[in-house]
Amino acid sequence: MVWEVVKNIPPGRVTTYGAIANFLGAGSSARMVGYALNASKYANEFIPAHRVVNRNGVLTGKHHFGSIYAMENLLRMEGVEVEDDKIVRFKILFWDPMKELSSMDE
DNA sequence: AAGTTGACCCCGA
DNA sequence: TTCGGGGCCAACT
């Protein structure tokens with residue numbers, strides 16, 4: 001499910017682990033989202049996990065990509081400014097699944 | 001089976 | 001602002 005949500009994140013936008021966890025159900029603590037994303041590497045398809053950051057807009061999961069610069073490069077490639085491992089204008093680029101996917105279900 | 005760990009989050013000092 | 005403590009829940013030892 002986490003992957004489904006992440007796949008719906010539009011390029012150039014980002015969201016947080018907590019937002020996804022909350023969207024899927026308050027029960028799924030944010031840690032599980034990260035865990036699921038870690039497993040996304042084993043997925044059969046591409047999961048834009050680089051568009052998921054922590055609540056501060058910091059690229060905490062950069063170490064889990066091939067290189068610690070991969071995540072940052074991917075984001076910049078999509079037009080997201082990254083400075084000191086943090087996303088610039090994070091509040092504006094923030095993509096809330098609660099709002100964007102509130103209408104969709106199943 | 002029990003203890004640790006983790007791509008997190010929130011609160012108080 | 002930084003530091004410490006608690007909560008969270010599935011996976012890994």
Revision key, fill the gap. From the list A/Glu78, A/Glu72, A/His64, side chain to side chain donor-acceptor pair (under 3.5 Å) partner of A/His50 resolves to A/Glu78
Point to revise | Interatomic spacing from NZ in A/Lys41 to CZ in A/Phe46 - rounded to 0.5 Å | key: 13.5 Å
**Study point:** Between C1' of B/dA7 and CZ of A/Arg51, the distance in whole Å
**Key:** 16 Å
**Study point:** Length of the CG-P vector between A/Asn56 and B/dC11, whole Å
**Key:** 13 Å
Exercise for review: Quick one: label A/Asn38 by what it contacts on the DNA or RNA (base, sugar-phosphate, nothing), any heavy atom closer than 4.0 Å.
Suggested key: base
Check your understanding: For the atom pair CG (A/Asn73) and CZ (A/Arg76), what is the distance rounded to the nearest 0.5 Å?
Key -> 7.5 Å
Review point. How is A/Ala49 classified with respect to the nucleic acid when contacts are heavy atoms under 4.0 Å: base, sugar-phosphate, or nothing?
Key: base
**Study point:** Rounded distance (Å) that lies between atom P of C/dC9 and atom OH of A/Tyr35
**Key:** 16 Å
**Study point:** B/dA7 versus C/dC3 - spacing of their C1' atoms, nearest Å
**Key:** 22 Å
Practice item. Report yes or no: is there a donor-acceptor pair, N or O only, under 3.5 Å between the side chain of A/Tyr17 and the base of B/dA7? Key: yes
Check your understanding: How many Å lie between CG on A/Asn22 and C1' on B/dC10, as a whole number?
Key -> 13 Å
Exercise for review: Among the candidates C/dC9, B/dA7, B/dC9, find the nucleotide nearest to the side-chain atoms of A/Leu37.
Suggested key: B/dA7
Point to revise | Value in whole Å for how far the C1' atom of B/dA7 lies from NE2 of A/His50 | key: 14 Å
Point to revise | Distance, rounded to the nearest Å, where A/Ile9 contributes CD1 and B/dA7 contributes C1' | key: 13 Å
**Study point:** For atom NE2 of A/His63 and atom C1' of B/dG6, their distance in whole Å
**Key:** 13 Å
**Study point:** Pair A/Lys7 + A/Glu4, salt bridge at N-O below 4.0 Å
**Key:** yes
**Study point:** Nearest-angstrom distance from the residue atom CD1 of A/Ile20 to P of B/dC9
**Key:** 10 Å
Check your understanding: In terms of side-chain heavy atoms of A/Met32, which of C/dC9, B/dA7, C/dA11 is nearest?
Key -> C/dC9
Practice item. Kindly compute the distance separating CG (A/Asn56) from CZ (A/Phe90), expressed to the nearest 0.5 Å. Key: 8.0 Å
